[in-house]
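Here is the structure we will look at, set down as structure tokens.
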Amino acid sequence: MASLTELANPARFMRLSGILLPWLTGAAALLLAIGLYLVWFVAPADYQQGETIKIMYIHVPAAWLALMFYSMMALSALGVLVWRHPLADVAQQAAAPIGACFALICLLTGSFWGKPMWGTYWVWDARLTSMLVLFLLYLGVIALRRAIDEPSRAGRAVAILTLVGCVNIPIIKFSVDWWSTLHQPASVLRLGGPTIHASMLWPLVITALGFTLLALALHFAAMQAEIIRRRVRTLTIFEAERLDRLSLQAAQ
Amino acid sequence: MMDALGPHAGFILAAYLAAAVILLGLATTILLDRRAQRRALAALEERGVGRRGGSTS
């Protein structure tokens, strides 16, 4: 645990992330370029869904990342509440807008896929509704953080809300198994292996990896911004206190 | 292009456009925020504001 705490030191994080960020960004760009080339020029149309299957290559990674970022926030929330580690709070704060964006992409692309395939943009089925709840949870976490001025109190409140919201993660994953839904069951991450053909699976895996690296690069950049913001806040407070003392001395 | 995408081309392009707009907006917001914070920190340090210099301890 000592080495983990040492690794999670903000100064060390700034150094490591500074080295990793260009590599992450480059790898993300390369994987996305290869993945999108495969999607648009190599992968076949689906025998039932035709070319609308192209929406899958952004819809599915967006769904995975929305779930992954919330799970990451839940782990960070434990770091905030149990170890009171400042970098865990920074990680949680930086992850929320990114997860919210991927949840929104998932909902929007799902609607654009649903209209031609199901005949409707939206149905209140368990998978779609639980995904909407995840998006609203992200917005709630962001709003709660902004509503509380004192950073450590805000961090603890957000951590508690995040952990409460965790109950939604298995509901999203297993909603298609537990209830009769219009949304199809899992076809990639399932016991027994993927059910989609390799010609579609590989472009999906490559784009998903590209989006994941992009999301991690954005998370690192957002964490760097947050660490610097907290440093600026601390220095501003010290400066204000120093000026107060000077004006008091001048008055005496 | 539109013909090759079949009768639902509009939905496919709208999905990709929405994802691109959201991700570009997110990346721009994060990078501009980081730049603003770096500038604010540089301005403070330029004025000689520092933890050791500014604190009583």
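So that the names make sense, note that chain A is the first sequence line, chain B the second, and so on, each numbered from 1.
Interface residue B:Arg47: only side-chain heavy atoms are found under 4.5 Å from chain A. Both the backbone and the side chain of A:Ile98 come within contact range of chain B, each with at least one heavy atom under 4.5 Å from a heavy atom of that chain. Of the atoms belonging to A:Leu36, it is side-chain heavy atoms, and not backbone ones, that fall under 4.5 Å from chain B. With a 4.5 Å cut-off on non-hydrogen atoms, A:Met56 does not touch chain B at all. Interface remark: A:Leu108 contributes side-chain atoms only to the contact with chain B (heavy atom separation under 4.5 Å).
For the side-chain contact (heavy atoms from CB on, under 4.5 Å) with A:Pro61, the lone residue among A:Ile206, A:Leu204, A:Thr212, A:Val205 that qualifies is A:Leu204.
Chain B forms more heavy-atom pairs under 4.5 Å with one residue of A:Cys101, A:Cys106, A:Ser111, A:Ala215 than with any other, namely A:Cys101.
Taking CZ of B:Arg34 as the start and CD of A:Gln224 as the end, the distance is 5.0 Å to the nearest 0.5 Å.
Proximity of the aromatic rings of B:Tyr16 and A:Trp40 is defined here by a centroid distance below 6.0 angstrom, and this criterion is met. Note: A:Phe13 and A:Phe220 meet the aromatic proximity criterion, with ring centroids under 6.0 Å apart.
With salt bridges taken as basic N to acidic carboxylate O contacts below 4.0 Å, none links A:Arg84 and A:Asp89.
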